[in-house]
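Before any comments, here is the structure.
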Amino acid sequence: MPRPELHDPQGLTGRRVLITRSADRAKPLASLLTGRGAAPLVLPLIDFERARDQAILDDVLDRLAAGEFDWLVISSITSARVLLEKAAERGTTPAGLVPAVTRVATIGPSSLRVLESIGLSVHLAPTELQSADGLVELWEPAPVRVLLPQADIAAPGLREGLTSKGADVTSVVAYHTVDYPAGAGLRLTAELPAAVEVSEDSLPPMLSPEEARAALDAGTVDAVVAASPSAVRRIAETLLPLGNCRLIAIGRPTAAEATRLGLTVAATAKEPTPDGIVAALESVFANEGNPQ
């Protein structure tokens with residue numbers, strides 16, 4: 001069969017793109033890349049474990065359910081998973097943990113969709129600067145009580161920004177970010193609804209660290225996607241040198257961390273979504289033609 005002509009205006013046909021997330025989390029981006037003719041590959045670098053101090057987390061969730069907080073701020077999809085898991089432990093739903101008097105805020109469209117999929121109404125989310133900084137910009141100054149469940153390594157910017165607007169912020173460690181894979185029995189296992197989760201038979205190919213290293217050394221990986229500052233740190237620890245492989249950052253905080261570590265960022269997604277990442281990749285490869 002003759003090889004079809006390559007007319008891809010986005011320049012992604014045949015591009016091999018390494019996604020440094022677990023296969024289930026990589027699926028939305030991988031599906032978009034496949035639709036553009038690219039070949040997505042997966043190398044999980046980070047994972048997530050339950051908070052070490054469950055008593056503190058349970059205490060603030062009791063206070064949440066009792067209506068002590070004016071706002072619940074969910075700054076990551078993983079925090080939404082924690083809320084889903086803790087609600088299940090209590091025989092209820094996330095909506096059962098968040099009383100009607102408590103409003104919900106988040107930092108972007110992906111987490112907004114996830115929160116809505118688990119039954120929570122989102123009252124505030126940035127649409128332009130989709131990040132912690134974007135949420136702080138939108139936040140109206142007021143002496144409100146805020147619950148902020150985050151990762152153990154979360155940057156202080158969101159908490160400090162809300163505090164600067166007059167909020168009384170209760171920040172709690174909801175989960176721990178660890179090197180992949182998470183410890184046996186410690187990994188967060190709550191499954192998001194079918195609209196968000198994916199089936200195992202549709203997951204993209206997953207590489208071993210050795211396979212990824214060999215592909216980078218051979219120059220057969222065109223781009224690597226970092227979806228968080230912690231992923232960038234793991235890339236710097238485990239994947240250097242990248243050679244001709246371009247580093248794509250999901251957003252400004254991730255790009256800033258890469259720059260701090262001395263890595264060159266080829267492009268930063270304008271929106272921290274799969275569509276935003278694909279657009280960033282297209283901007284890098286559009287004028288290069290397709291690989292032969």
Side-chain angles (χ1 to χ4, degrees), residues 1-47 77 110 179-181 195-228 230-232 234-251 254-255 258 263-292:
M1 180 180 295
R3 182 177 179 177
E5 293 184 12
L6 300 176
H7 297 295
D8 179 24
Q10 292 81 25
L12 293 187
T13 296
R15 298 292 181 183
R16 286 161 57 87
V17 180
L18 185 63
I19 308 170
T20 57
R21 312 187 85 174
S22 59
D24 58 336
R25 292 168 182 264
K27 178 57 169 60
L29 174 57
S31 296
L32 283 177
L33 289 171
T34 300
R36 299 294 203 281
L41 306 166
V42 170
L43 176 67
L45 293 181
I46 60 173
D47 210 344
I77 291 175
S110 295
D179 294 348
Y180 184 89
V196 179
E197 289 287 359
V198 296
S199 63
E200 290 292 330
D201 59 3
S202 62
L203 297 177
M206 189 162 73
L207 301 183
S208 68
E210 295 76 16
E211 290 170 332
R213 179 72 266 154
L216 287 167
D217 289 342
T220 58
V221 179
D222 297 291
V224 57
V225 175
S228 67
S230 55
V232 162
R234 289 289 290 147
I235 288 171
E237 292 168 1
T238 63
L239 293 184
L240 299 185
L242 294 178
N244 292 327
C245 177
R246 288 78 157 181
L247 175 63
I248 309 299
I250 195 173
T254 302
L263 304 181
T264 299
V265 178
T268 301
K270 293 181 179 179
E271 297 182 355
T273 62
D275 286 315
I277 294 170
V278 167
L281 285 161
E282 290 174 347
S283 72
V284 170
F285 294 119
N287 297 320
E288 295 188 13
N290 302 106
Q292 299 300 315

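Residue pairs satisfying the side chain to side chain donor-acceptor pair (under 3.5 Å) criterion with at least one member in residues 235-248, sequence neighbours excluded, are listed as follows: Arg234-Glu237, Arg246-Glu288. The stretch residues 263-273 participates, sequence neighbours left out, in no salt bridge (charged side-chain N to carboxylate O under 4.0 Å, His left out) pair at all. Applying the salt bridge (charged side-chain N to carboxylate O under 4.0 Å, His left out) definition to pairs two or more places apart or across chains, those involving residues 207-218 are Arg213-Asp217.
A heavy-atom distance below 4.5 Å is not found between the side chains of Thr264 and Leu247. Two residues are said to be in side-chain contact when any heavy atoms from C-beta on lie closer than 4.5 Å; Arg36 and Glu282 meet this criterion. When side chains are defined from C-beta on, Leu12 counts as touching Val278, because their heavy atoms get closer than 4.5 Å. With contacts defined as side-chain heavy-atom distances shorter than 4.5 Å, the pair Pro44/Arg21 does not qualify.
The closest donor-acceptor contact from the side chain of Asp179 to the backbone of Ile46 lies at 3.5 Å or more, if one exists at all. Between the Arg16 side chain and the Thr220 main chain, a donor and an acceptor come within less than 3.5 Å of each other.
Distance check: Asp222 CG to Leu281 CG gives 9.5 Å after rounding to the nearest 0.5 Å. Taking OG of Ser208 as the reference point, atom CG of Leu43 lies at 8.0 Å (rounded to 0.5 Å). Rounding to the nearest 0.5 angstrom, the gap separating the CD1 atom in Ile250 from the OG1 atom in Thr268 is 11.0 Å. Distance check, rounded to the nearest 0.5 Å: CG of Leu239 to CG of Leu45 gives 5.5 Å. Between the CD1 atom in Ile277 and the CG atom in Leu29 there is a gap of 5.0 Å [rounded to 0.5 Å]. From Leu33, atom CG reaches atom CD1 of Ile19 across 5.5 Å, with rounding to the nearest 0.5 Å.
Heavy-atom minimum distance, Ser228 versus Ser230: OG-OG, 2.9 Å. Between Ala227 and Thr20 the shortest heavy-atom distance is N-OG1, 4.4 Å. Contact record, Ser22 with Val42: C-CG1, 4.2 Å, taken as the closest heavy-atom pair. Smallest separation of non-hydrogen atoms from Ala212 and Leu207: CA-CD1, 4.0 Å. When all heavy atoms of Ala226 and Val232 are compared, the closest pair comes out as CB-CG2, 3.4 Å. The two residues Ile248 and Ala266 come nearest to each other via the heavy atoms CD1-CB, 4.1 Å.
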